[in-house]
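None of these values were measured; they are calculated from a predicted model. By convention in this document, chain letters (A, B, ...) are assigned in the order of the sequence lines, proteins followed by strands, and residues within each chain are numbered from 1.
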Amino acid sequence: MTTRVRFAPSPTGALHIGGGHTALFNWLWARRTGGKFILRIEDTDMERSTPEYEDTIMSGMKWLGLEWDEGPDAGGSHGPYRQSERLELYRENAEKLVSDGSAYREGDAVIFKVRPDVDLSFDDMVYGRIETASDALQDRDSGALKDIVLIKSDGMPTYNYAVVVDDHFMEITHVIRGEDHISNTPKQLLLYKAFGWKTPYFAHLPMILGKDKKKLSKRHGATSVYEFRDMGYMPDAVFNFLALLGWSAGEDREIFGREEAARLFELSKVTRKPSVFDPDKLNYINQEHLKRLDPMVRLAHIKPFWEEMGLPADKHDDAYLAEALTLMGGRGQTAKELAGFSDYYVSFGPVKERWNSDGISGELRAGMKEFYAALTDAPEWSSDALEAQARAWTEEKGVKMKDYAMTLRFALTGMKVSPGVFEVAALLGRDEVKNRLAFFGLG
RNA sequence: GGUCCCAUCGUCUAGGGGUCUAGGACACAGCCCUUUCAAGGCUGCGACGCGGGUUCGAACCCCGCUGGGACCGCCA
(Lines give C-alpha, C1' and ligand atoms only; values in the text may rest on other atoms or scores of the structure.)
Protein backbone atom coordinates (compact mmCIF):
# COMPACT_ATOMS: atom_id res chain seq x y z
CA MET A 1 0.00 0.00 0.00
CA THR A 2 1.35 3.39 -0.89
CA THR A 3 1.67 5.94 1.82
CA ARG A 4 -0.58 8.95 1.46
CA VAL A 5 -0.05 11.94 3.72
CA ARG A 6 -1.49 15.40 3.65
CA PHE A 7 -0.86 18.91 4.84
CA ALA A 8 -4.15 20.67 5.44
CA PRO A 9 -3.72 24.36 6.17
CA SER A 10 -6.54 26.77 6.41
CA PRO A 11 -6.00 29.84 4.24
CA THR A 12 -6.36 32.42 6.97
CA GLY A 13 -2.79 33.68 6.97
CA ALA A 14 0.65 33.17 5.50
CA LEU A 15 2.55 29.92 5.92
CA HIS A 16 4.02 30.04 9.39
CA ILE A 17 7.05 28.33 10.79
CA GLY A 18 4.83 25.88 12.63
CA GLY A 19 2.85 25.06 9.52
CA GLY A 20 6.03 24.78 7.51
CA HIS A 21 7.35 22.35 10.09
CA THR A 22 4.25 20.17 9.82
CA ALA A 23 4.25 20.33 6.03
CA LEU A 24 7.92 19.45 6.02
CA PHE A 25 7.52 16.34 8.13
CA ASN A 26 4.66 15.18 5.94
CA TRP A 27 6.78 15.77 2.89
CA LEU A 28 9.69 13.88 4.44
CA TRP A 29 7.53 10.91 5.26
CA ALA A 30 6.01 10.82 1.78
CA ARG A 31 9.42 10.96 0.17
CA ARG A 32 10.92 8.52 2.62
CA THR A 33 8.24 5.94 1.91
CA GLY A 34 7.84 6.66 -1.77
CA GLY A 35 4.28 7.81 -1.14
CA LYS A 36 2.13 10.77 -2.06
CA PHE A 37 2.05 14.18 -0.45
CA ILE A 38 -1.33 15.85 -0.69
CA LEU A 39 -2.24 19.46 -0.14
CA ARG A 40 -5.77 20.06 1.07
CA ILE A 41 -7.15 23.50 1.70
CA GLU A 42 -9.43 23.71 4.72
CA ASP A 43 -11.40 26.78 3.80
CA THR A 44 -14.66 26.15 5.60
CA ASP A 45 -14.28 29.25 7.68
CA MET A 46 -15.84 31.63 5.20
CA GLU A 47 -15.09 34.63 7.33
CA ARG A 48 -11.36 34.28 7.44
CA SER A 49 -10.35 32.24 4.41
CA THR A 50 -9.19 34.03 1.28
CA PRO A 51 -7.81 32.93 -2.10
CA GLU A 52 -4.88 35.27 -1.53
CA TYR A 53 -3.80 33.40 1.57
CA GLU A 54 -4.22 30.15 -0.29
CA ASP A 55 -1.75 31.41 -2.89
CA THR A 56 0.60 32.65 -0.25
CA ILE A 57 0.65 29.32 1.51
CA MET A 58 1.25 27.46 -1.71
CA SER A 59 4.11 29.66 -2.78
CA GLY A 60 5.54 29.48 0.71
CA MET A 61 5.59 25.72 0.43
CA LYS A 62 7.18 25.89 -2.98
CA TRP A 63 9.80 28.24 -1.64
CA LEU A 64 10.64 25.68 1.01
CA GLY A 65 10.84 23.05 -1.69
CA LEU A 66 7.82 21.11 -0.49
CA GLU A 67 6.17 20.13 -3.73
CA TRP A 68 2.92 18.20 -3.46
CA ASP A 69 1.63 15.42 -5.66
CA GLU A 70 -2.06 16.22 -5.37
CA GLY A 71 -3.73 19.50 -4.55
CA PRO A 72 -6.05 22.27 -5.72
CA ASP A 73 -3.70 23.30 -8.50
CA ALA A 74 -2.02 19.96 -9.12
CA GLY A 75 -5.22 17.98 -9.37
CA GLY A 76 -5.31 14.27 -8.60
CA SER A 77 -7.65 11.34 -8.37
CA HIS A 78 -9.05 12.16 -4.94
CA GLY A 79 -10.21 15.72 -5.43
CA PRO A 80 -11.49 18.25 -5.17
CA TYR A 81 -8.85 19.45 -2.75
CA ARG A 82 -10.65 22.43 -1.29
CA GLN A 83 -13.12 21.70 1.45
CA SER A 84 -15.43 24.39 0.12
CA GLU A 85 -15.79 22.24 -2.99
CA ARG A 86 -16.63 19.09 -1.07
CA LEU A 87 -19.71 20.30 0.74
CA GLU A 88 -22.00 17.72 -0.81
CA LEU A 89 -19.78 14.92 0.46
CA TYR A 90 -20.01 16.19 4.01
CA ARG A 91 -23.78 16.51 3.84
CA GLU A 92 -24.33 13.07 2.36
CA ASN A 93 -22.24 11.39 4.98
CA ALA A 94 -23.74 13.35 7.81
CA GLU A 95 -27.06 12.13 6.53
CA LYS A 96 -25.92 8.56 6.99
CA LEU A 97 -25.22 9.19 10.63
CA VAL A 98 -28.61 10.79 11.08
CA SER A 99 -30.28 7.80 9.42
CA ASP A 100 -28.66 5.24 11.65
CA GLY A 101 -29.42 7.29 14.73
CA SER A 102 -25.91 8.25 15.74
CA ALA A 103 -26.50 11.90 14.91
CA TYR A 104 -29.43 14.25 15.14
CA ARG A 105 -30.59 17.49 13.63
CA GLU A 106 -30.89 20.74 15.45
CA GLY A 107 -32.22 23.33 13.09
CA ASP A 108 -29.94 23.23 10.04
CA ALA A 109 -27.11 21.79 12.08
CA VAL A 110 -26.26 18.12 12.36
CA ILE A 111 -24.90 16.97 15.67
CA PHE A 112 -23.25 13.71 16.66
CA LYS A 113 -24.49 12.10 19.83
CA VAL A 114 -21.63 11.21 22.15
CA ARG A 115 -22.26 8.18 24.35
CA PRO A 116 -20.26 7.26 27.43
CA ASP A 117 -17.88 4.36 27.86
CA VAL A 118 -16.50 4.28 24.37
CA ASP A 119 -12.81 3.46 24.39
CA LEU A 120 -10.96 5.97 22.22
CA SER A 121 -7.40 4.93 22.94
CA PHE A 122 -4.99 4.88 20.06
CA ASP A 123 -1.37 4.29 19.19
CA ASP A 124 0.46 7.38 18.10
CA MET A 125 3.59 6.80 16.03
CA VAL A 126 5.38 9.49 17.97
CA TYR A 127 3.73 9.61 21.38
CA GLY A 128 2.97 5.94 21.75
CA ARG A 129 -0.18 4.61 23.36
CA ILE A 130 -2.65 7.27 24.40
CA GLU A 131 -5.41 6.05 26.68
CA THR A 132 -8.68 7.91 26.70
CA ALA A 133 -12.41 7.41 26.35
CA SER A 134 -15.52 9.25 25.28
CA ASP A 135 -16.21 10.13 28.90
CA ALA A 136 -13.49 12.75 28.62
CA LEU A 137 -15.44 14.63 25.97
CA GLN A 138 -17.02 16.95 28.46
CA ASP A 139 -18.35 20.42 28.36
CA ARG A 140 -16.02 22.83 30.01
CA ASP A 141 -18.60 24.33 32.32
CA SER A 142 -21.20 21.69 33.00
CA GLY A 143 -18.87 18.71 32.85
CA ALA A 144 -21.56 16.83 30.97
CA LEU A 145 -20.81 14.81 27.86
CA LYS A 146 -20.63 17.16 24.93
CA ASP A 147 -22.01 16.20 21.53
CA ILE A 148 -20.00 16.96 18.43
CA VAL A 149 -21.27 19.38 15.84
CA LEU A 150 -20.82 17.91 12.38
CA ILE A 151 -22.54 20.44 10.17
CA LYS A 152 -22.92 24.01 11.32
CA SER A 153 -26.14 25.97 10.94
CA ASP A 154 -24.64 27.70 7.93
CA GLY A 155 -24.28 24.35 6.22
CA MET A 156 -20.51 24.16 6.53
CA PRO A 157 -18.85 21.17 8.15
CA THR A 158 -16.82 21.58 11.32
CA TYR A 159 -13.12 20.87 11.39
CA ASN A 160 -13.27 17.63 13.34
CA TYR A 161 -15.88 16.22 11.03
CA ALA A 162 -14.51 17.39 7.69
CA VAL A 163 -11.08 16.07 8.55
CA VAL A 164 -12.43 12.59 9.09
CA VAL A 165 -14.48 12.55 5.91
CA ASP A 166 -11.62 13.94 3.84
CA ASP A 167 -8.91 11.75 5.27
CA HIS A 168 -11.11 8.74 4.65
CA PHE A 169 -12.07 9.53 1.08
CA MET A 170 -8.64 10.79 0.17
CA GLU A 171 -7.31 7.50 1.50
CA ILE A 172 -4.84 9.14 3.81
CA THR A 173 -2.71 6.48 5.48
CA HIS A 174 -0.81 8.67 7.94
CA VAL A 175 -2.14 11.73 9.66
CA ILE A 176 0.92 13.76 10.60
CA ARG A 177 0.06 17.01 12.35
CA GLY A 178 0.88 19.21 15.31
CA GLU A 179 0.61 18.02 18.86
CA ASP A 180 -2.18 20.50 19.47
CA HIS A 181 -4.40 18.05 17.61
CA ILE A 182 -3.71 15.16 19.90
CA SER A 183 -6.72 16.01 22.00
CA ASN A 184 -8.91 16.28 18.90
CA THR A 185 -8.05 12.76 17.87
CA PRO A 186 -10.48 10.98 20.23
CA LYS A 187 -13.39 12.92 18.74
CA GLN A 188 -12.32 11.99 15.27
CA LEU A 189 -11.90 8.38 16.32
CA LEU A 190 -15.48 8.39 17.50
CA LEU A 191 -16.58 9.44 14.02
CA TYR A 192 -14.43 6.81 12.34
CA LYS A 193 -16.13 4.21 14.53
CA ALA A 194 -19.59 5.52 13.74
CA PHE A 195 -18.87 5.31 10.01
CA GLY A 196 -17.16 1.97 10.36
CA TRP A 197 -14.13 3.36 8.57
CA LYS A 198 -10.58 2.19 8.96
CA THR A 199 -8.51 4.66 10.93
CA PRO A 200 -5.26 6.03 9.58
CA TYR A 201 -2.03 5.97 11.54
CA PHE A 202 -1.57 9.04 13.66
CA ALA A 203 1.73 10.79 14.25
CA HIS A 204 1.72 14.01 16.23
CA LEU A 205 4.60 16.43 16.12
CA PRO A 206 5.96 18.47 19.01
CA MET A 207 5.11 22.15 19.01
CA ILE A 208 7.57 24.90 18.25
CA LEU A 209 7.93 27.41 21.06
CA GLY A 210 9.42 30.88 21.33
CA LYS A 211 12.32 31.80 23.58
CA ASP A 212 9.86 32.25 26.44
CA LYS A 213 8.59 28.71 25.92
CA LYS A 214 5.25 29.93 24.76
CA LYS A 215 3.78 28.77 21.49
CA LEU A 216 5.53 30.61 18.67
CA SER A 217 3.61 33.66 17.54
CA LYS A 218 4.01 37.06 15.93
CA ARG A 219 5.27 38.63 19.10
CA HIS A 220 8.34 36.41 18.87
CA GLY A 221 9.34 38.30 15.74
CA ALA A 222 9.37 36.75 12.31
CA THR A 223 7.15 33.72 11.96
CA SER A 224 6.04 33.54 8.34
CA VAL A 225 8.42 31.82 5.98
CA TYR A 226 8.41 34.88 3.75
CA GLU A 227 9.83 37.01 6.48
CA PHE A 228 12.74 34.62 6.67
CA ARG A 229 13.22 34.76 2.94
CA ASP A 230 13.26 38.55 3.04
CA MET A 231 15.79 38.55 5.85
CA GLY A 232 18.16 36.57 3.66
CA TYR A 233 17.63 33.04 4.85
CA MET A 234 17.77 30.41 2.18
CA PRO A 235 15.08 27.80 1.64
CA ASP A 236 17.50 24.91 2.04
CA ALA A 237 18.68 26.30 5.33
CA VAL A 238 15.22 26.90 6.71
CA PHE A 239 14.30 23.41 5.59
CA ASN A 240 17.37 22.02 7.32
CA PHE A 241 16.67 23.97 10.48
CA LEU A 242 13.03 22.96 10.63
CA ALA A 243 13.89 19.32 10.04
CA LEU A 244 16.10 19.45 13.12
CA LEU A 245 13.27 20.60 15.34
CA GLY A 246 11.97 17.41 16.87
CA TRP A 247 14.10 15.08 14.83
CA SER A 248 17.75 14.20 14.51
CA ALA A 249 19.36 12.54 11.56
CA GLY A 250 21.66 10.52 13.75
CA GLU A 251 25.42 10.22 13.70
CA ASP A 252 25.66 13.88 14.65
CA ARG A 253 24.52 14.82 11.19
CA GLU A 254 23.28 18.40 11.24
CA ILE A 255 23.86 20.03 7.89
CA PHE A 256 22.04 18.28 5.11
CA GLY A 257 19.88 18.79 2.05
CA ARG A 258 16.35 17.71 1.23
CA GLU A 259 17.25 14.43 -0.40
CA GLU A 260 19.49 13.33 2.39
CA ALA A 261 16.87 14.22 4.98
CA ALA A 262 14.25 12.30 3.05
CA ARG A 263 16.53 9.28 2.96
CA LEU A 264 17.26 9.37 6.68
CA PHE A 265 13.89 10.41 8.05
CA GLU A 266 12.08 8.19 10.54
CA LEU A 267 8.80 9.04 12.25
CA SER A 268 9.78 6.75 15.09
CA LYS A 269 12.73 9.00 15.84
CA VAL A 270 10.68 12.14 16.25
CA THR A 271 10.97 13.70 19.70
CA ARG A 272 8.04 14.37 22.00
CA LYS A 273 9.35 17.43 23.75
CA PRO A 274 8.30 20.79 22.35
CA SER A 275 11.31 22.65 21.01
CA VAL A 276 12.33 26.26 21.30
CA PHE A 277 13.01 28.17 18.12
CA ASP A 278 16.62 29.29 18.32
CA PRO A 279 17.52 32.08 15.85
CA ASP A 280 21.23 31.58 16.56
CA LYS A 281 21.07 28.05 15.31
CA LEU A 282 19.15 29.13 12.22
CA ASN A 283 21.83 31.71 11.54
CA TYR A 284 24.52 29.09 11.85
CA ILE A 285 22.75 26.66 9.56
CA ASN A 286 22.10 29.39 7.03
CA GLN A 287 25.76 30.32 7.09
CA GLU A 288 26.78 26.72 6.54
CA HIS A 289 24.52 26.46 3.52
CA LEU A 290 25.71 29.82 2.23
CA LYS A 291 29.32 28.66 2.43
CA ARG A 292 28.63 25.47 0.54
CA LEU A 293 26.86 27.09 -2.42
CA ASP A 294 28.50 27.03 -5.84
CA PRO A 295 29.73 30.53 -6.72
CA MET A 296 27.12 31.16 -9.38
CA VAL A 297 24.26 29.85 -7.28
CA ARG A 298 25.49 31.91 -4.43
CA LEU A 299 25.50 34.96 -6.64
CA ALA A 300 21.91 34.29 -7.60
CA HIS A 301 20.99 34.44 -3.92
CA ILE A 302 22.92 37.61 -3.20
CA LYS A 303 22.07 39.68 -6.26
CA PRO A 304 18.50 40.48 -5.23
CA PHE A 305 19.77 41.94 -1.98
CA TRP A 306 22.31 44.13 -3.70
CA GLU A 307 19.58 45.35 -5.97
CA GLU A 308 17.34 45.95 -3.03
CA MET A 309 20.10 48.18 -1.63
CA GLY A 310 20.12 50.07 -4.90
CA LEU A 311 23.45 48.72 -6.07
CA PRO A 312 23.97 48.24 -9.82
CA ALA A 313 24.79 44.53 -9.80
CA ASP A 314 23.88 44.30 -13.47
CA LYS A 315 26.74 46.63 -14.39
CA HIS A 316 29.22 43.88 -13.68
CA ASP A 317 29.58 40.50 -15.20
CA ASP A 318 28.61 37.52 -13.13
CA ALA A 319 32.07 35.99 -13.13
CA TYR A 320 33.47 39.06 -11.37
CA LEU A 321 30.67 39.18 -8.81
CA ALA A 322 30.85 35.47 -8.16
CA GLU A 323 34.59 35.81 -7.63
CA ALA A 324 33.95 38.62 -5.17
CA LEU A 325 31.60 36.41 -3.20
CA THR A 326 34.10 33.60 -3.20
CA LEU A 327 36.58 36.03 -1.71
CA MET A 328 34.08 36.74 1.05
CA GLY A 329 34.47 33.18 2.22
CA GLY A 330 32.38 32.31 5.24
CA ARG A 331 31.54 35.90 6.08
CA GLY A 332 27.89 36.68 6.70
CA GLN A 333 25.18 34.52 8.14
CA THR A 334 22.41 35.57 5.82
CA ALA A 335 22.32 36.47 2.17
CA LYS A 336 21.33 39.97 3.18
CA GLU A 337 24.27 40.30 5.53
CA LEU A 338 26.69 38.97 2.96
CA ALA A 339 25.31 41.40 0.39
CA GLY A 340 25.88 44.24 2.83
CA PHE A 341 29.40 43.14 3.63
CA SER A 342 30.33 42.98 -0.03
CA ASP A 343 28.70 46.10 -1.43
CA TYR A 344 32.03 47.72 -2.31
CA TYR A 345 32.64 45.25 -5.11
CA VAL A 346 29.46 46.40 -6.77
CA SER A 347 29.84 50.11 -6.32
CA PHE A 348 32.19 52.75 -4.99
CA GLY A 349 29.24 54.70 -3.68
CA PRO A 350 28.86 53.01 -0.30
CA VAL A 351 32.61 53.34 0.28
CA LYS A 352 32.48 57.10 -0.12
CA GLU A 353 29.59 57.29 2.26
CA ARG A 354 31.53 55.46 4.94
CA TRP A 355 34.82 57.21 4.39
CA ASN A 356 36.17 59.33 7.18
CA SER A 357 39.81 60.40 6.96
CA ASP A 358 39.98 62.20 10.26
CA GLY A 359 42.14 59.51 11.77
CA ILE A 360 44.88 59.81 9.22
CA SER A 361 47.59 62.27 10.13
CA GLY A 362 49.26 64.36 7.46
CA GLU A 363 52.50 62.66 8.24
CA LEU A 364 51.12 59.19 7.75
CA ARG A 365 49.22 60.39 4.73
CA ALA A 366 52.40 61.41 3.02
CA GLY A 367 53.97 58.03 3.69
CA MET A 368 50.93 56.31 2.43
CA LYS A 369 50.90 58.16 -0.83
CA GLU A 370 54.35 56.84 -1.46
CA PHE A 371 53.30 53.37 -0.43
CA TYR A 372 50.23 53.34 -2.60
CA ALA A 373 52.08 54.77 -5.57
CA ALA A 374 54.56 51.92 -5.39
CA LEU A 375 51.68 49.50 -5.08
CA THR A 376 49.59 50.74 -7.93
CA ASP A 377 52.58 50.76 -10.21
CA ALA A 378 53.37 47.16 -9.43
CA PRO A 379 54.45 45.37 -12.59
CA GLU A 380 52.21 42.40 -11.88
CA TRP A 381 48.64 42.90 -10.75
CA SER A 382 47.92 39.91 -8.56
CA SER A 383 47.21 39.37 -4.92
CA ASP A 384 50.52 37.64 -4.30
CA ALA A 385 52.53 40.22 -6.15
CA LEU A 386 50.85 43.11 -4.40
CA GLU A 387 51.42 41.56 -1.03
CA ALA A 388 55.06 40.84 -1.78
CA GLN A 389 55.48 44.39 -2.93
CA ALA A 390 53.85 45.76 0.20
CA ARG A 391 55.97 43.60 2.46
CA ALA A 392 59.15 44.61 0.76
CA TRP A 393 58.22 48.27 1.01
CA THR A 394 57.21 48.21 4.68
CA GLU A 395 60.28 46.21 5.66
CA GLU A 396 62.55 48.57 3.83
CA LYS A 397 60.99 51.56 5.57
CA GLY A 398 60.80 49.78 8.87
CA VAL A 399 57.09 50.52 9.29
CA LYS A 400 54.15 48.38 10.24
CA MET A 401 52.28 46.70 7.46
CA LYS A 402 49.16 46.88 9.58
CA ASP A 403 48.84 50.67 9.42
CA TYR A 404 49.10 50.74 5.68
CA ALA A 405 46.99 47.70 5.01
CA MET A 406 44.22 48.99 7.22
CA THR A 407 44.05 52.34 5.54
CA LEU A 408 44.15 50.73 2.14
CA ARG A 409 41.33 48.49 3.23
CA PHE A 410 39.28 51.42 4.34
CA ALA A 411 39.90 53.35 1.17
CA LEU A 412 38.90 50.42 -1.00
CA THR A 413 36.01 49.03 1.00
CA GLY A 414 34.95 51.68 3.46
CA MET A 415 35.10 48.99 6.09
CA LYS A 416 37.47 48.03 8.82
CA VAL A 417 36.94 44.38 8.09
CA SER A 418 37.15 42.60 4.78
CA PRO A 419 38.88 39.68 3.09
CA GLY A 420 42.63 39.99 2.52
CA VAL A 421 43.08 43.54 1.29
CA PHE A 422 45.50 42.54 -1.47
CA GLU A 423 43.02 40.02 -2.75
CA VAL A 424 40.36 42.68 -2.77
CA ALA A 425 42.67 45.07 -4.58
CA ALA A 426 43.62 42.42 -7.11
CA LEU A 427 39.99 41.71 -7.89
CA LEU A 428 38.92 45.34 -8.08
CA GLY A 429 41.59 45.92 -10.69
CA ARG A 430 44.36 48.46 -11.02
CA ASP A 431 42.23 51.20 -12.48
CA GLU A 432 39.55 50.97 -9.86
CA VAL A 433 42.09 50.89 -7.04
CA LYS A 434 43.84 53.96 -8.43
CA ASN A 435 40.51 55.65 -8.82
CA ARG A 436 39.47 54.97 -5.22
CA LEU A 437 42.79 56.01 -3.77
CA ALA A 438 42.82 59.16 -5.86
CA PHE A 439 39.36 60.09 -4.72
CA PHE A 440 40.53 60.06 -1.13
CA GLY A 441 43.69 61.95 -1.96
CA LEU A 442 45.86 58.95 -1.34
CA GLY A 443 46.78 58.10 -4.88
C1' G B 1 -12.05 23.08 36.73
C1' G B 2 -11.71 18.36 33.48
C1' U B 3 -8.88 15.30 29.99
C1' C B 4 -4.34 14.36 27.64
C1' C B 5 0.86 15.17 26.70
C1' C B 6 5.92 16.48 28.03
C1' A B 7 10.57 16.81 31.36
C1' U B 8 19.16 15.39 29.60
C1' C B 9 23.88 21.50 29.25
C1' G B 10 20.94 28.54 28.16
C1' U B 11 19.05 26.20 23.16
C1' C B 12 18.58 21.79 19.51
C1' U B 13 19.65 16.90 20.68
C1' A B 14 22.37 11.53 21.36
C1' G B 15 21.08 8.04 24.98
C1' G B 16 16.07 2.96 25.12
C1' G B 17 19.44 -0.64 32.96
C1' G B 18 25.86 -1.56 33.30
C1' U B 19 30.50 0.60 27.77
C1' C B 20 27.76 7.76 31.19
C1' U B 21 33.64 10.43 35.36
C1' A B 22 26.45 11.52 30.04
C1' G B 23 28.37 12.33 23.55
C1' G B 24 27.55 16.08 19.45
C1' A B 25 25.84 20.95 17.64
C1' C B 26 24.51 26.29 18.47
C1' A B 27 25.65 30.14 21.81
C1' C B 28 29.48 31.85 25.23
C1' A B 29 34.96 32.29 26.89
C1' G B 30 40.14 31.58 25.73
C1' C B 31 44.17 30.18 22.48
C1' C B 32 46.24 29.33 17.47
C1' C B 33 46.24 31.20 12.44
C1' U B 34 46.56 36.52 10.63
C1' U B 35 47.27 43.14 7.45
C1' U B 36 41.41 43.25 9.82
C1' C B 37 36.96 40.36 10.40
C1' A B 38 34.90 35.96 9.39
C1' A B 39 36.05 30.89 8.19
C1' G B 40 39.14 26.89 10.12
C1' G B 41 41.85 24.25 14.25
C1' C B 42 42.30 23.46 19.60
C1' U B 43 40.71 24.11 24.73
C1' G B 44 37.20 25.49 28.35
C1' C B 45 32.31 26.52 30.66
C1' G B 46 27.86 23.82 30.90
C1' A B 47 22.57 19.06 31.96
C1' C B 48 20.08 13.81 33.58
C1' G B 49 13.80 18.91 37.92
C1' C B 50 12.71 16.66 43.14
C1' G B 51 11.31 12.41 46.22
C1' G B 52 10.25 7.46 46.65
C1' G B 53 10.54 2.63 44.79
C1' U B 54 12.13 -1.93 41.36
C1' U B 55 17.14 -3.95 40.61
C1' C B 56 23.45 -6.46 42.16
C1' G B 57 23.17 -1.86 39.21
C1' A B 58 19.35 3.44 36.99
C1' A B 59 19.49 9.41 32.66
C1' C B 60 17.17 5.09 31.03
C1' C B 61 11.53 0.95 34.34
C1' C B 62 7.23 2.19 38.07
C1' C B 63 4.70 5.78 41.47
C1' G B 64 4.14 10.60 43.53
C1' C B 65 5.43 15.75 43.45
C1' U B 66 6.89 20.05 40.99
C1' G B 67 7.22 22.62 36.57
C1' G B 68 5.72 23.35 31.40
C1' G B 69 2.27 22.67 27.30
C1' A B 70 -2.24 21.32 24.47
C1' C B 71 -7.37 20.71 24.17
C1' C B 72 -12.30 21.15 26.33
C1' G B 73 -16.04 26.74 19.85
C1' C B 74 -21.76 25.74 15.07
C1' C B 75 -12.29 28.39 14.68
C1' A B 76 -9.22 25.28 12.23
Enquirer: Can you check the A:L205 CG to B:C5 C1' distance for me, whole Å?
Expert: 14 Å

Enquirer: Do the ring planes of A:F25 and A:H21 sit parallel (below 30°), tilted (30 to 60°) or perpendicular (above 60°)?
Expert: tilted

Enquirer: Enter the distance from A:T223:OG1 to A:L216:CG here, rounded to the nearest 0.5 Å.
Expert: 6.0 Å

Enquirer: Toward the 5' end of RNA chain B, which comes first, A:T132 or A:T158, by nearest nucleotide?
Expert: A:T132

Enquirer: Classify A:H204 by what it touches in the nucleic acid, base, sugar-phosphate, or nothing, heavy-atom distance under 4.0 Å.
Expert: nothing

Enquirer: Set out, in order, the CA-CA distance, both residues' side-chain angles and the distance that settles ring pair (Phe, Tyr, Trp, His ring centres under 6.0 Å) for A:F371 and A:W393, then state yes or no.
Expert: CA-CA 7 Å; A:F371 170 77; A:W393 191 87; 5.0 Å; yes

Enquirer: Give, ordered by number, those residues of residues 182-192 of chain A having at least one heavy-atom distance below 4.0 Å to an atom of RNA chain B; if nothing qualifies, reply none.
Expert: A:S183, A:N184, A:K187

Enquirer: What does nucleotides 28-44 of chain B look like as a protein-contact string, B for base, S for sugar-phosphate only, - for none, at under 4.0 angstrom between heavy atoms?
Expert: -------BBBBSS----

Enquirer: As an exercise, state the distance from CH2 of A:W381 to CZ of A:F422, rounded to the nearest 0.5 Å.
Expert: 10.0 Å

Enquirer: Can you tell me the Watson-Crick or wobble partner of B:G73, both distances under 3.5 angstrom?
Expert: none

Enquirer: Using a heavy-atom cut-off of 4.0 Å across all strands, would you classify A:S153 as base, sugar-phosphate, or nothing?
Expert: base

Enquirer: Taking atom P of B:C4 as reference, at what distance in whole Å does atom CG of A:D135 sit?
Expert: 11 Å

Enquirer: Does a side-chain N-to-carboxylate-O contact under 4.0 Å join A:R91 and A:E95?
Expert: no

Enquirer: Does a side-chain N or O from A:T44 land closer than 4.0 Å to OP1 or OP2 of B:A76, or not?
Expert: yes

Enquirer: Using a heavy-atom cut-off of 4.0 Å across all strands, would you classify A:E47 as base, sugar-phosphate, or nothing?
Expert: nothing

Enquirer: If you find the nucleotide of RNA chain B closest to A:M207 and the one closest to A:P9, which residue's nucleotide is nearer the 5' end?
Expert: A:M207

Enquirer: Measuring to OP1 and OP2 of B:G69, would you say a side-chain N or O of A:K214 lies under 4.0 angstrom away?
Expert: yes

Enquirer: How far, in whole Å, is B:G49 from B:G41 if one measures between their C1' atoms?
Expert: 37 Å

Enquirer: Can you check the distance between B:C60 and B:U55, where both ends of the measurement are the C1' atom (answer in whole Å)?
Expert: 13 Å

Enquirer: What about the rings of A:F239 and A:F228, do their centers lie closer together than 6.0 Å?
Expert: no

Enquirer: Report, one pair per line, the protein and nucleotides 8-12 of chain B atoms (nitrogen or oxygen only) whose separation is under 3.5 Å.
Expert:
unit_1	atom_1	unit_2	atom_2	d
B:U8	OP2	A:K273	NZ	3.1
B:U11	OP1	A:K213	NZ	2.9
B:C12	OP1	A:V276	N	2.9
B:C12	O2'	A:L244	O	3.1

Enquirer: Please determine if A:E387 and A:R391 form a salt bridge, counting it only when a charged side-chain N lies under 4.0 Å from a carboxylate O.
Expert: yes

